[in-house]
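Below: the structure, in structure tokens.
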Amino acid sequence: MRISIVGFGAVGQGVAKAIRSTQERLRRKYNLKIDIVAAADSKGAAIQEDGLDPQKLIKVKTEKGSVAYYPDHGHEDMDSLQVLDEVEYDCLVEVTPTNIITGEPGKSLITKAIEDGKDVVTSNKGHLSLFYKELVGLAKEHDVNFKFEASVGGAMPIINFAQETLPSSRIESIIGILNGTTNFILSRMTAEGSSYEQTLKEAQELGIAETDPTQDVEGLDAACKSVILANAVLGRECTLDDVEVTGITKITPEAIELAKEDGYHIKLIAEISHEILRVGPRLVKDTSPYAVDGTLNMATLRTDLAGEITVIGKGAGSLETASAILTDIINIWKSKH
């Protein structure tokens, strides 16, 4: 399978690492050989019809700042949309930064790939939380695969799990922790009694929180993921505007201590049902599945036949997110062979 990776930040590099480390296993188990025929970032692209070297791609990106400097096959200032016209590929792996205002550039890249008859795998939440119905409808119209397991929960399996493992059940609600950064902050505040500001700074120093953590701490990241789950799993038609959102910035050490005294933790909880769509701080019992620590994500799916099923996994990290992207690529391959 020939893939084009557009967006070669942490997740794009994680995909390259995952492909390199699983090459032999994929060939033995699925007779699948993945060739990265194009990789693009904001400064340009690298293109090679018979496949770029994943290790060399990462080395060039790390040392020179862009895949555009890949030896003999780099193209400075090449636009990402142009890349899709310059190389023959089977599947677009779209891992550009999340944009919750316009969904770009991801939306245009995915639209072009689908209209060109290419399969698409993405980890991007922005366009999905704004234009889910449009993009999924376009993929159906052009009879291509459009997969996005990595957009919710990183390595935690939830979309494919709900759609493929639980087809006999009606899923009535999903309640969970969908943002690793806020869970880390709240876990540390609970364990250490530290302030929000102190703990955020620690999370930034550890690389867990972004320099601008707004989307995480204001609950917007979890809200985007909630929209995706509401559409993909519950069959609702909604966008980011439909979510009631409250972040964690006003939670004090005193509030956390009072909760602890009564056997509770404060967590940023997403609640998704056929009637409710909201994200906000909630009290959870310290003995419940919701009392996970660190950057873990979790979600409980309430069903009519199977009861409650809880999934837990790492919600962030380049390799963890790449594992979900690679799973989608493998599933596309299996559906065709």
Under a 3.5 Å distance rule, please check whether [X] uses its side chain to pair with a backbone N or O of [Y] as donor and acceptor.
X      : Y      : answer
Asn231 : Val227 : yes
Glu257 : Gly193 : no
Ser129 : Gly126 : yes
Asp304 : Ser169 : no
Trp333 : Tyr30  : yes
Ser195 : Gln198 : yes
Asp41  : Val67  : yes

(request) Output all residues satisfying side-chain contact (heavy atoms from CB on, under 4.5 Å) with Thr211, sequence neighbours left out; order by chain, then residue number. (result) none

(request) Could you pull out all residues at least two apart from Glu320 that satisfy side-chain contact (heavy atoms from CB on, under 4.5 Å)? (result) Ala155, Lys314

Any link between [X] and [Y] through a network of hydrophobic side chains (Ile, Leu, Val, Met, Phe, Trp, Tyr) touching at under 4.5 Å?
X      : Y      : answer
Val93  : Val136 : no
Ile329 : Val144 : no
Ile332 : Val37  : no
Leu26  : Leu319 : no

Enumerate the residue pairs fulfilling salt bridge (charged side-chain N to carboxylate O under 4.0 Å, His left out) with a member in [range], sequence neighbours excluded, ordered by first and then second residue.
range            : answer
residues 62-84   : Lys59-Glu63
residues 228-255 : Lys133-Glu237
residues 180-192 : Arg188-Glu192, Arg188-Glu202

With a cut-off of 6.0 Å (strictly less than), are more than 12 heavy atoms of other residues, nucleotides or ligands near [atom1] of [X]?
X      : atom1 : result
Tyr264 : OH    : no
Lys43  : NZ    : no
Glu210 : CD    : no
Arg282 : CZ    : yes

Does any part of the side chain of [Y], heavy atoms only, come nearer than 4.5 Å to the side chain of [X], both counted from C-beta?
X      : Y      : answer
Asn331 : Thr327 : yes
Leu178 : Met156 : yes
Thr96  : Val6   : yes
Val233 : Ile272 : no

To the nearest 0.5 Å, what is the distance between [atom1] ([X]) and [atom2] ([Y])?
X      : Y      : atom1 : atom2 : value
Ile100 : Thr239 : CD1   : OG1   : 11.5 Å
Ser273 : Arg278 : OG    : CZ    : 8.0 Å
Thr182 : Ile248 : OG1   : CD1   : 5.5 Å
Thr181 : Gln215 : OG1   : CD    : 11.0 Å
Ile256 : Thr190 : CD1   : OG1   : 4.5 Å
Ile5   : Ile36  : CD1   : CD1   : 4.0 Å

(request) Could you list who else is in Ile269's hydrophobic cluster, with ILVMFWY side chains joined at under 4.5 Å, directly or through other members? (result) Ile175, Ile177, Val284, Tyr290, Val292, Leu296, Met298, Ile312

(message) Pro213 and side chain to side chain contact (heavy atoms under 4.5 Å, CB included): which single residue from Thr249, Ile208, Leu200 fits?
(response)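 Result: among Thr249, Ile208, Leu200, Leu200 is the only option passing the side chain to side chain contact (heavy atoms under 4.5 Å, CB included) with Pro213.
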
(request) Can you tell me which residue pairs pass the side chain to side chain donor-acceptor pair (under 3.5 Å) test with a partner in residues 107-116, sequence neighbours excluded? (result) Asp85-Lys112, Glu104-Ser108, Lys107-Glu134, Lys112-Asp116

(request) Output every pair passing side chain to side chain donor-acceptor pair (under 3.5 Å) with a member in residues 144-155, not counting sequence neighbours, ordered by first then second residue. (result) Asp119-Asn145, Glu149-Asn160

(request) Output, in order, the C-alpha distance, side-chain angles, deciding distance and verdict of side chain to side chain donor-acceptor pair (under 3.5 Å) for Lys267 and Ser187. (result) CA-CA 8 Å; Lys267 297 290 186 181; Ser187 296; 3.2 Å; yes

(message) Minimum heavy-atom separation for Ile171 and Ala162, please, with both atom names.
(response)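 Shortest heavy-atom contact: CD1-CB, 3.6 Å.
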
Qualifying residues under salt bridge (Lys or Arg N to Asp or Glu O under 4.0 Å), relative to [X], sequence neighbours excluded:
X      : result
Asp53  : none
Lys29  : none
Lys118 : Glu88

(request) Begin with the C-alpha distance, continue with both residues' side-chain angles, and end with the deciding distance and a verdict on side chain to side chain contact (heavy atoms under 4.5 Å, CB included) for Phe146 and Ile110. (result) CA-CA 9 Å; Phe146 178 37; Ile110 286 175; 4.0 Å; yes

(message) I'd like to know whether Arg2 forms a salt bridge (Lys or Arg N to Asp or Glu O under 4.0 Å) with Asp90, so could you lay out the CA-CA distance, the side-chain angles of the two residues, the decisive distance to 0.1 Å, and finally the verdict.
(response) CA-CA 5 Å; Arg2 296 162 298 180; Asp90 303 304; 2.9 Å; yes

(message) Pairing donors with acceptors under 3.5 angstrom, does anything connect the side chains of Glu94 and His127?
(response)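 Side-chain D/A pair, Glu94 to His127: present.
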
(message) For the residue pair Thr122 / Asn124, report whether a side-chain donor-acceptor contact shorter than 3.5 Å exists.
(response) no

(message) Between Phe8 and Tyr70, is the ring centroid distance below 6.0 Å?
(response) no

(message) Taking ring-ring contact (aromatic ring centres under 6.0 Å, His included) as the definition, give me every residue that meets it alongside Phe184, ordered by chain and number, with sequence neighbours left out.
(response)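 For Phe184, no residue satisfies ring-ring contact (aromatic ring centres under 6.0 Å, His included) once neighbours in sequence are set aside.
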
